[in-house]
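This report refers to the structure that appears directly beneath it.
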Amino acid sequence: MSELKIYNTLTREKEIFKPLNAPHVGMYVCGPTLYSHAHLGNCRTFLSFDIVFRYLKHLDYKVRYVRNITDVGHLESDGDEGEDKIAKRARLEKLEPMEIVQLYAVDFHKVLDDFNLLPPSIEPTASGHIIEQIEMTKKIIENGLGYEVDGTIWFDVEKFAKTYPYTELSGRKLDEMLDGTRENLEGQEEKRGRLDFALWKKAKPEHIMRWPSPWGEGFPGWHIECSAMSSKYLGEQFDIHGGGMDLIPTHHTNEVAQNVACCKKSPAKTWMHTNMLTVNGQKMSKSLGNSFLPQQLFTGNHPLLERGYSAMVVRFFMLQAHYRSTLDFSNEALQASEKGFNRLMNALGLIPNLKTASKSSFNINELKENIYSALNDDFNTPVAIAYLFDGVKTINSINDGKEAITEDDKLVLHRLFHEIVLDVLGLKKEVSDIIDSKSPALIQTILDFRSEVKKDGNYSKADEIRKKLEGLGIQIKDSKDGPATYTITL
RNA sequence: GGUCGGGUGGCCGAGUGGUUAGGCUCAGCUCUGCAAAAGCUGCUACAGCGGUUCAAAUCCGCUCCCGACCUCCA
């Protein structure tokens, strides 16, 4: 069996994964800022890390997965006039900031549950860790890398960069970054350096969310929360830190700087970054107006959608691309995924009823190794799925009597498919609302009636029944001699 | 403008030196009362130009096109 390799943004290489304290693994992922609904692009990132979480657990690691919720401190910009995103939303909607957060937190969890994401081990909030953030800010000041200007604490990037690598993650050159920001100086006179960012912001009189600090009343900056919470729950150094690629140059770069400035240690050994979901080749984002809310996708209520798609189809669709590649969103691609998903799940359902033989006509271990080597290769789900479809073909052929399988191999196959498809990929058979406890008997009654009709030679009536059931998501499969069977396609 | 990444068959999407990726679509066949499902067969692509090599989608150079980041963004 191959070893798990993970692409590390820090080194730009795939590295063999060796936990700092095996079998324990610490993983921190930057969660959402709850000032609006999470769109599909956001979901993709959390789905990618759900696969990481699930696969590491499958490999018997004891994973502590921390994903924060930003409920304060995420500014519109790092400039002096930056306003807290949630505070702004609260002001506009005339609500308490915590009402905004609660509204979108409930929605966020509902959506991730629809997509069958496992909840993280800990989901800490920024507002619940004000003390930790203040303590960290104090240490950074003590170490000479933070300074106060009128109740606001800034991080001195240029001073930090003299001793430590500031641009390690982004791969940028500091000089060029400084050049690039020489303009737009208005409103930032407080800062010493153009790249300096706020650790703590002084609260203006009208600001609702405020806490006392050694520097007066204020609220924390955006980046400090992740530094404070990751080190609190995972220690000063842990295994994996993740997030969307767009966080690399600013948020993650500053996060590393804070940890180093505070504790002299870079927080994470491995940095994982997910790529963007695109629509017609462009990044899905709220500002471009091309974002999809999960609800719109489920119902099909969106100008770019022809109809709705289920959460599992969308999950499968996303897993057919690698997490470090962009993925383009389209009706056609979703339809393709829907059919593929149904084919995979139908094959999964066929396994228990396969007839066994004294000899297998294929090599089950080869299939197993192919699947695991794909997942071990930086969580390459599209390749793993390709191999699963090899398995699907084999399962269907056995079912047709064209291939054979032994009892032992059947157990291996059953376990393999269940563990990979259900546990690791997190896919599940979706049962439509029409299926309740009595439905199977009802459907069977209809099938029996139809076979009577067929026996009488009334094929047009039989076809009519078949067509009506198909409209309800029940697909009939006639067989030559035996009884007809059905599958649920919705 | 700067930095980085990418351009793969009708669509989505793997793949970094030599072997069929895979899914969907399309056409034909088998099966079927007819379908559906399933199986089989076919359609076999790598932006362009040049170079390295026995061998390149894969390495190097140039050109064209697209995207991300540089302001908040998963």
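Throughout, a chain's letter reflects where its sequence line sits, starting with A, and its residues are numbered from 1.
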Got a sec: does the CG of Asn280(A) have more than 12 other heavy atoms crowding it under 6.0 Å?
-> no
In whole angstroms, how far is the C1' atom of rG39(B) from the CG atom of Asp400(A)?
-> 6 Å
Answer yes or no: does a side-chain N or O of Asn346(A) lie under 4.0 Å from OP1 or OP2 of rA38(B)?
-> no
Given the P atoms of rU19(B) and rA57(B), what is the spacing between them in whole Å?
-> 9 Å
So, Tyr104(A) versus Phe108(A), ring centres under 6.0 angstrom or not?
-> no
Out of rA74(B), rA38(B), rG67(B), minimum distance to the side chain of Leu277(A) belongs to rA74(B)
Just call it for Arg450(A): base, sugar-phosphate, or nothing, with non-hydrogen atoms closer than 4.0 Å on any strand.
-> base
Atom NE2 of His322(A) and atom P of rG6(B): how far apart are they, to the nearest Å?
-> 13 Å
Taking CG from Leu334(A) and P from rU25(B), how many angstroms apart are they, rounded to a whole number?
-> 14 Å
Looking for any heavy atom pair under 4.0 Å, which part of the strands does Asp328(A) touch: base, sugar-phosphate only, or nothing?
-> sugar-phosphate
Pick the C1' atom in rU30(B) and in rU44(B), then give their distance to the nearest Å.
-> 24 Å
Interatomic distance at C1', rC49(B) relative to rG15(B), whole Å = 24 Å
Describe the nucleic acid contact of Ser170(A) in one word from base, sugar-phosphate, nothing, applying a heavy-atom distance below 4.0 Å.
-> nothing
Base, sugar-phosphate, or nothing: which does Met245(A) touch, judged by heavy atoms less than 4.0 Å apart?
-> nothing
For rC40(B) and rC31(B), measure between their C1' atoms and round to the nearest Å.
-> 11 Å
Base, sugar-phosphate, or nothing: which does Asp478(A) touch, judged by heavy atoms less than 4.0 Å apart?
-> base
Mind checking Lys402(A) for me? I need base, sugar-phosphate or nothing, with any heavy atom below 4.0 Å counting as a touch.
-> sugar-phosphate
Roughly how far apart, to the nearest Å, are rA27(B) and rC64(B) at atom C1'?
-> 36 Å
Using the side-chain contact (heavy atoms from CB on, under 4.5 Å) rule, pick out the option among Asp378(A), Asn275(A), Thr381(A) that qualifies with His322(A).
-> Asp378(A)
Please determine, for rU30(B), whether a Watson-Crick or G-U wobble partner exists with both distances under 3.5 Å, and give it or none.
-> rA38(B)
May I ask you to verify whether the side chain of Arg12(A) and the base of rC4(B) hold a donor-acceptor pair under 3.5 Å?
-> no
Is rA57(B) paired to anything, Watson-Crick or G-U wobble with both distances less than 3.5 Å, and if yes, which nucleotide?
-> none
Can you pull every protein N or O that's under 3.5 Å from an N or O on nucleotides 21-23 of chain B?
from	atom 1	to	atom 2	distance (Å)
rG23(B)	OP1	Arg343(A)	NH2	3.1

For rG5(B), does OP1 or OP2 lie under 4.0 Å from any side-chain N or O of Thr326(A)?
-> no
Do Glu306(A) and Gln335(A) come within less than 4.5 Å of each other through their side chains, counting heavy atoms only?
-> yes
Between the base of rA74(B) and the side chain of Arg44(A), is there a donor-acceptor distance below 3.5 Å?
-> no
With a 4.0 Å cut-off on heavy atoms, is Gly41(A) in touch with a base, just the backbone sugar-phosphate, or nothing at all?
-> base
Minimum-distance nucleotide (side-chain atoms of Lys85(A) versus rC11(B), rC72(B), rG39(B)) = rC72(B)
Might you confirm whether atom NZ of Lys173(A) has over 12 heavy atoms from other residues, nucleotides or ligands at distances under 6.0 Å?
-> no
Of the listed rC12(B), rA35(B), rA74(B), the closest approach to the Arg466(A) side chain comes from rA35(B)
Checking only heavy atoms, does the side chain of Arg172(A) share a donor-acceptor pair with the base of rC69(B) at less than 3.5 Å?
-> yes
Looking only at side-chain N and O atoms, does Lys283(A) come under 4.0 Å of OP1 or OP2 in rC69(B)?
-> yes
In whole angstrom, give me the gap between the P atoms of rG2(B) and rG22(B).
-> 42 Å
Scanning all shown strands, the Watson-Crick or wobble mate of rC62(B) with both distances under 3.5 Å is rG48(B)
How would you list all residue pairs meeting side-chain hydrogen bond (donor to acceptor under 3.5 Å, both in side chains) that involve residues 3-13 of chain A, not counting sequence neighbours?
-> Asn8(A)-Glu15(A), Thr9(A)-His273(A), Thr11(A)-Glu15(A)
Donor-acceptor pair (no angle test) under 3.5 Å: Asn399(A) side chain, rG39(B) base = no
Rounded to whole angstrom units, what separation is found between the CG atom of Leu247(A) and the C1' atom of rU71(B)?
-> 14 Å
Grab the CG-P distance between Asn254(A) and rU71(B) for me, whole Å please.
-> 12 Å
Output yes when at least one side-chain N/O atom of Asn42(A) is less than 4.0 Å from OP1 or OP2 of rA74(B), else no.
-> yes
Please determine, for rC69(B), whether a Watson-Crick or G-U wobble partner exists with both distances under 3.5 Å, and give it or none.
-> rG2(B)
Please evaluate the base of rC72(B) for a donor-acceptor partner in the side chain of Asp246(A) within a cut-off of under 3.5 Å?
-> no
Can you see which heavy atom on Ser291(A) is nearest to which on His302(A), and at what distance?
-> O-NE2, 3.5 Å
Is Lys110(A) positioned over the aromatic face of Phe298(A), cation under 6.0 angstrom from the ring centre and no more than 45 degrees off axis?
-> no
Hey, which sits more toward the 5' end of RNA chain B by its nearest nucleotide, Ile476(A) or Phe329(A)?
-> Phe329(A)
Taking atom C1' in both rA14(B) and rG9(B), what distance in whole Å separates the two?
-> 14 Å
Which listed nucleotide (rA36(B), rC12(B), rG15(B)) is nearest to the side chain of Asn380(A)?
-> rG15(B)
Grab the CG-C1' distance between Asn68(A) and rA74(B) for me, whole Å please.
-> 12 Å
When the aromatic ring centroids of His39(A) and Phe292(A) are compared, is their separation below 6.0 Å?
-> no
Position toward the 5' end of RNA chain B (nearest nucleotide), Asp377(A) or Ser330(A) = Ser330(A)
Taking the P atom of each, how far is rG13(B) from rG7(B), in whole Å?
-> 10 Å
Parallel, tilted or perpendicular: which fits the ring planes of Phe219(A) and His207(A), with parallel below 30° and perpendicular above 60°?
-> parallel
Figure out the CG/P separation between Asn370(A) and rA14(B), and round it to whole Å.
-> 18 Å
rA14(B): pairing nucleotide in any strand, Watson-Crick or G-U under 3.5 angstrom | none
Would you kindly give the CG-to-P distance between Asn342(A) and rC24(B), to the nearest whole Å?
-> 10 Å
What nucleotide among rG13(B), rG39(B), rC69(B) has an atom nearest to a side-chain atom of Pro249(A)?
-> rC69(B)
